[in-house]
Amino acid sequence: MPRHWLIKSEPDVYSIDDLQRDGSTCWEGIRNYQARNYIRDDMAEGDLAIYYHSRSKPPAAVGIARVSRAGYPDHHAWQADHDYFDPKASPDNPIWMMMDVAFFERFAQPISLAQLKADPALEGMLVTQKGQRLSVQPVEPVHFDRVVALGRGG
DNA sequence: GCCAACGTTGGC
DNA sequence: GCCAACGTTGGC
């Protein structure tokens, strides 16, 4: 059964507009083991993810992306001249994973973090919790549906 | 730009 | 295996 997710990106680095323009992109540079494990073990092609802008004013859920290729080794990790270089990684021991995501939908209205926090239907959603820094998070189906409804203007 | 929260590293 | 130091994330 497909699962639901939330993925964070700083809009200055790669926004939903960039994704819409490009159609799809490789979701690279994940250097956190828990997020890596989700990509490696749980995220499947076709899964949908809320696209979330972090470090923006305000931070907000802005649309939906679709996993277009499930996890595969992040080859940037063993390229010494790359920003995401990790000396412990190698082709035999990739350590880190990336995936491809495709543009799926842009919300009619962004839903700010304050709105997400204020909505009783979203109580317990990880992104609303203090100190939650995971850039790839699982989302409960009911929470996912609620955020999408809000984003579409319902 | 500040700084609290968190994950990782490395000395012991 | 503990924990202080460090680097990063991300809301504010």
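Every value quoted in this text rests on a predicted model; they were computed, and no experiment measured them. A, B, ... follow the sequence lines: proteins, then strands. Residue 1 opens every chain.
If you measure from atom CG of A:N32 to atom P of C:dT9, you get 10 Å, rounded to the nearest angstrom. Between A:I30 atom CD1 and C:dT9 atom C1' there is a gap of 12 Å when expressed in whole angstrom units. Taking atom NZ on A:K8 and atom P on C:dT8, their separation rounds to 17 Å, with Å as the unit. Atom-to-atom, CG of A:L126 to P of C:dT9 comes out at 18 Å; the value is rounded to the nearest Å. Straight-line distance from the OH atom of A:Y84 to the C1' atom of C:dT9: 13 Å, rounded to whole Å. A straight line from CG of A:D12 to C1' of C:dG11 spans 15 Å, rounded to a whole angstrom. Atom NE2 of A:H53 is separated from atom P of C:dG11 by 12 Å (rounded to the nearest Å). Between A:E10 atom CD and B:dG1 atom C1' the separation is 14 Å, expressed in whole Å.
Both A:K88 and A:K57 sit near DNA chain B, but only A:K57 has its closest nucleotide nearer the 5' end.
In this structure, A:P94 and A:W78 have side chains that are in contact, with non-hydrogen atoms separated by less than 4.5 Å.
Although no hydrogens or angles enter the test, the distance criterion places no donor-acceptor pair under 3.5 Å between the side chain of A:E45 and the main chain of A:R66. Formation of a donor-acceptor pair under 3.5 Å by the A:T128 side chain with backbone atoms of A:L116 is not found in this model.
Proximity of A:Y33 to the phosphate of B:dC6: no side-chain N or O atom is located under 4.0 Å from OP1 or OP2.
More than 12 heavy atoms of other shown residues, nucleotides or ligands fall within 6.0 angstrom of atom CD in A:Q129.
Minimum interatomic distance between A:P138 and A:R3 (heavy atoms only, all atoms of both residues): CB-NH2, 3.9 Å.
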Contacts under 3.5 Å, N or O only, protein and nucleotides 2-5 of chain B:
{"from": "B:dA5", "atom 1": "OP1", "to": "A:K130", "atom 2": "NZ", "distance (Å)": "3.2"}
{"from": "B:dA5", "atom 1": "N3", "to": "A:R133", "atom 2": "NH1", "distance (Å)": "3.4"}

Check step by step if ring-ring contact (aromatic ring centres under 6.0 Å, His included) holds for A:Y51 and A:W5.
CA-CA 9 Å; A:Y51 200 99; A:W5 307 94; over 10 Å; no
